[in-house]
Structures are given as structure tokens and as C-alpha cells.
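Let me begin by presenting the structure, written as C-alpha cells, before commenting on it.
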Amino acid sequence: MSSPVRVRFAPSPTGFLHVGSGHSALANWLYARHTGGEFLLRIEDTDAERDRPELIENVLEMLQWLGLQWDNEPPRQSERRALYEDAAAKLLADGAVYPCDCTGEQVQARNKEAGGKPGYDGFCRDRGLEPGPGRALRFRTPREGRTGWTDLVRGDVSFANSDIEDFVVVRGNGAPMFLLANCFDDADMGVTHVIRGEDHVNGTPKYLLLGAALGLPSPEAFAHMPLLVNEGRKKLSKRRDDVSMSDYRDRGYLPEAMVNYLALLGWGPADGVEVRPVAEIVEQYRLEDVNAAPAFFDQKKLSFVNAEKIRSLSTEEFIERARPFLTLGEPAVEALRSLATEVQERVRTLVEVEPMIEFLVVDEPTVDEASWTKAIVKGRSVPEMVAATLSRLEALPADGWVPDQIEVAVRQAAVDAGIVNADGEPQLSKAQGPVRVAISGRTVGPPLWESLQVLGRERTLDRIRAMQAKLP
RNA sequence: GCCCCCAUCGUCCAGCGGCCUAGGACGCCUGCCUUUCACGCAGGUAACACGGGUUCGAAUCCCGUUGGGGGUGCCA
């Protein structure tokens, strides 16, 4: 019987949480939840130069937002340096590492002379240098044999040891390198499965060699997840692509949509049902079924999933989820409440909510240029329709200001204005345009009769009169 | 350059030797529904990279080619 599954997500605070790291974090979390194991977190802040401590907060906040709850108090590697130093001392005592005082320039120059081969050439390997300030510690990689592992996503992978350079384990300034801290901590934390991005594949033999030299147990298995790529099929980059998790949150994406979509990258449920509750994904997710090929991060499909998730919310939930996106405050919330179900099935993201109900909140709707052109400039019998609508609606009694009667009135207005088909039936698709623009400034929006009802008799009539005055 | 990985519709996923004249989803297109938009519904578009094997039989196994990605830091 193997030990219970224990996985970890180990971000370094050098940037905001990115959808790519979110994808890896999710794979870890899903695997842990699926197997009943533990999902641990660890902060890899060993690079004092580049680390931005304030970003730790963003990473934790985003994981929380996604609902990827972790099971430990995340250790910080910056606070565990003594442990890595001890490990390094042991390696040095065992002769597994050796001091090196080569600068990058020197190595490069030698490589260039030797035919342009990159990587460290082993110059200091047998120089017998004493450790000291400015001298890095390099791992004495075996020259023979192969190092490999079982990868849940890729099968058996191995490298010839002769292809692995003598990599740096401790920097000249005494700071431990990623590989040392990473490998040491995984063993120290009892990590059983290392699940991370494909960009770590090449570092895995070094990890394994280092762990063996340290006498540490190796993880049971690794899983290298496919990288997320952009339209150009390149690894998602902070500079070019929309990768910040918090940006998606701010643009009105639901965390459950992000989680659901991310799970679908590299993997698919056996029954083909793509959009579903996370609990079902946890149940079905298997790392063995994950594809090794890079996957395109498709914002269109993300939007689709988001729209599905929005529509599956109860009306109350929808209003609460949209609330943070309503910049117009409580009146906007009230306006949304009055038209919630109509709005809910029309938006793909939460930021699209406010523009749909804004006309109920502001004193005067802002007129959208394209809508004006479409409905007013290019519309048929616009002045007639506006005038007819005004008189028909004015004729409605105060207690008749309900959708059914408003519809009847507008239909009659269309007939009055001559906007009819061959059978003399009103052509509402054309006739409603000017009315819609008059009350909301746009040609698209929630159903008109309900909109007019919520706007109210006086405001509706005022806006139509104002429109009449502005007609070309 | 070298090393590692990958290769089914534009995209994501299914297919793990016969059920495949290759299935689902997104996108796109058409139609229906319809007061706009959206939803919903009915259709359509479109792929096994190529060449060799293995086999009675290959999208599925093997090899090669081509193509793509990743790595190649005293970053993580």
C-alpha cells in the first residue's frame, strides 16, 4: 500500500498568478481531491533580487478566489535557508559538489572556442578549489548512465547523464538555488507526486540526481502538464498575452468558469459533458488521461463557459455576483433586480451587466453612435414612429403601464406610422428601434416592454419627447 | 546546435487494433423561434501531417521524415 497522496503547488513571488500557473495549481488540487490526498503550498522565494513579497498575497488571494484551498500553512523558503545550507555542506563533504569560480563570461568564451556548445564545461570539476566567497557550488554529474522517471502524463522519460551539465547548487553569494531548495523541500514535506508545467521536464534529472546524492527519497511519480500557449503556439507570456488571473476576475469571469475551463485544457471528461460542477470534475479527473501536447488558451471558449455558469446561477446569486461590478451603486443594484432574469441570459461576463441596465439609473442615456445611425439615420419613418409612439403611450392610463399594454400601444404606433408588412401587420423588429434608442441610447438591450415598464411612464415619455426634439 | 516532449476538424477534447464512411464542444455559416440582443432548437463547415513497416485488419503498435513546443541561467 503506498502512502497517501501529497502534492504541492510551489509558486515563486516574481509575478501575479498567471493562468498557466493556475492550470498547474489546479492539476495538483484536482489530483489531491480526487485521491483524498493533501494539497500543500510552498513559497519559493529564494531569489532576493527578483522576489516581490507583496505578490505572495496576490497568489494566495487568487488561489482562494479559484477555490483551490490548501491544507497547510505555506512555508517560505527564505525562512528555511539554514536547512539548504546544511544540505549543501553535506554534499560538499561527500564530494558530490565542487567549488567553481568561473564567471559566465569565462564559460561562454571557452564554449565559443570549443565550438559554441552551451552549458558548463566542467572546468573546475577537478581543480580542487576550496569553497569560499564568490565561489559557487556545482553538482558533479555522473558521466555515465541515464536518469529517468515515470511521468503520469508522458510515460517513461529519461536523459543520458552525459547530457546533463554540472549545474550550480549554491550561488557564489551563498544563496541556495531553486533545484536544491525545491528537491530538499519536496522530500522534507513528504511530497509523493510532483505535478508541474512541462518547462520543468529538463530539470527533473538534475532534481533526481541531487535528491539521490542527498540520500532523499524520490517522489513516486511526476506529472508534467502541457504548457498553455497563445495563438502563435508559444508559451503564454506575461508581456504579450492576457495571463493575469486577477485580470480575468476583474473582467467579470466567474472562478468556477475559470476552473472548469482550465480543467478542460489537456483533459476532457469521459462522458463528454464539458461544463459541469467542480465536484464532478474532481470525481472524474485523472492525470493519466491528460494530454502532453501544448494547449491553446482560447478566450472565446472561456467566455462560453462563463456565460453558461452565469446562466446556471439563481437570480439572487446572479445579482450578488454582479454587485461588485456595478459602479453606479445601490440604484444600479435595484435596477438590476427589476430586470435580472432578462439581463442574466444576455451577458457573457459580469462587466457586461451594468451597460444593460444603466439607462434605468442615469438621468439621460448616453447615445451610442452606431445605434443612432442604425435606428435613427437609417431607420424608416422615424419621426412618424416617434410621434405615434408618444401619443399611443400617452393615451395609456397610469394603471395600464404594464408590458402587455405597452406592447399593444407600440404595435398600434407602428401601424399608425405605416411600418407594416404586406398583410398590414406591424413590423416590430423595425419599429421598436427608435423607441429603444430613445429610452436607452442603444439598439440592443433587455426586452423593450419590460424595460419601459421599469423605466416608468413619466421617464419614458420624457425621453421620447427629448428624442423627438433631437430628430434630424 | 544539442537534449526532451508532442502530432485527430481553425481551437479544446473523445478514440487506447476491427463498433470510424472518425464522435462531442467552442468558433464560424444557414434556417427556425422572436419586439432588439441573447437563449433555445434544427442543420452545415471542417481533421487522423507524410513515408515505411507489423497485422487478416491501423487514427490506434513500431521506425523514419517533416512540423510544432519546451529546455539549454550563479531565474524559478
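Just so it is clear, the values below take in all heavy atoms, side chains as well, and ignore hydrogens, waters and symmetry mates. Just so we're clear, the structure is a prediction, and the values are computed from it rather than from any experiment.
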Item to complete: Examine the base of B:rG70 for any acceptor or donor lying under 3.5 Å from a partner atom in the side chain of A:Asn202, and report the outcome as yes or no.
Response: yes
Worksheet item: Any donor-acceptor pair under 3.5 Å joining the side chain of A:Arg50 to the base of B:rC75?
Response: yes
Item to complete: May I ask you to check whether A:Phe222 and A:Tyr207 place their ring centers less than 6.0 Å from one another?
Response: yes
Discussion item. By nearest atom, which of the nucleotides B:rA76, B:rC5, B:rG1 is closest to the A:Ala292 side chain?
Written reply: B:rC5
Worksheet item: B:rU35 phosphate, OP1 or OP2: any side-chain N/O from A:Arg411 under 4.0 angstrom?
Response: yes
Fill in: Any A:Ser158 side-chain nitrogen or oxygen under 4.0 Å from OP1 or OP2 of B:rC4
no
Check the interface with nucleotides 23-33 of chain B: list each N/O to N/O pair with the protein under 3.5 Å, or write none.
unit_1	atom_1	unit_2	atom_2	d
B:rG24	N2	A:Glu274	OE2	2.9
B:rA25	O2'	A:Glu274	OE1	2.6
B:rA25	O2'	A:Lys301	NZ	3.2
B:rA25	N3	A:Lys301	NZ	3.3
B:rG27	OP1	A:Arg348	NH2	3.4

Worksheet item: Side chain of A:Arg233, base of B:rU11: donor and acceptor closer than 3.5 Å?
Response: no
Fill in: Given B:rA38, B:rC74, B:rC12, the nucleotide with the shortest approach to the side chain of A:Arg346
B:rA38
Worksheet item: Counting any heavy atom closer than 4.0 Å, what does A:Ala295 reach on the DNA or RNA strands: base, sugar-phosphate only, or nothing?
Response: sugar-phosphate
Discussion item. By a 5.5 angstrom centroid cut-off and a 30 degree plane limit, is there stacking between A:His200 and B:rG71?
Written reply: no
Worksheet item: In residues 177-184 of chain A, which ones come under 4.0 Å of RNA chain B, going by heavy atoms?
Response: A:Met177, A:Phe178
Worksheet entry | Side chain A:Asn173, main chain A:Ala175, donor-acceptor under 3.5 Å | yes
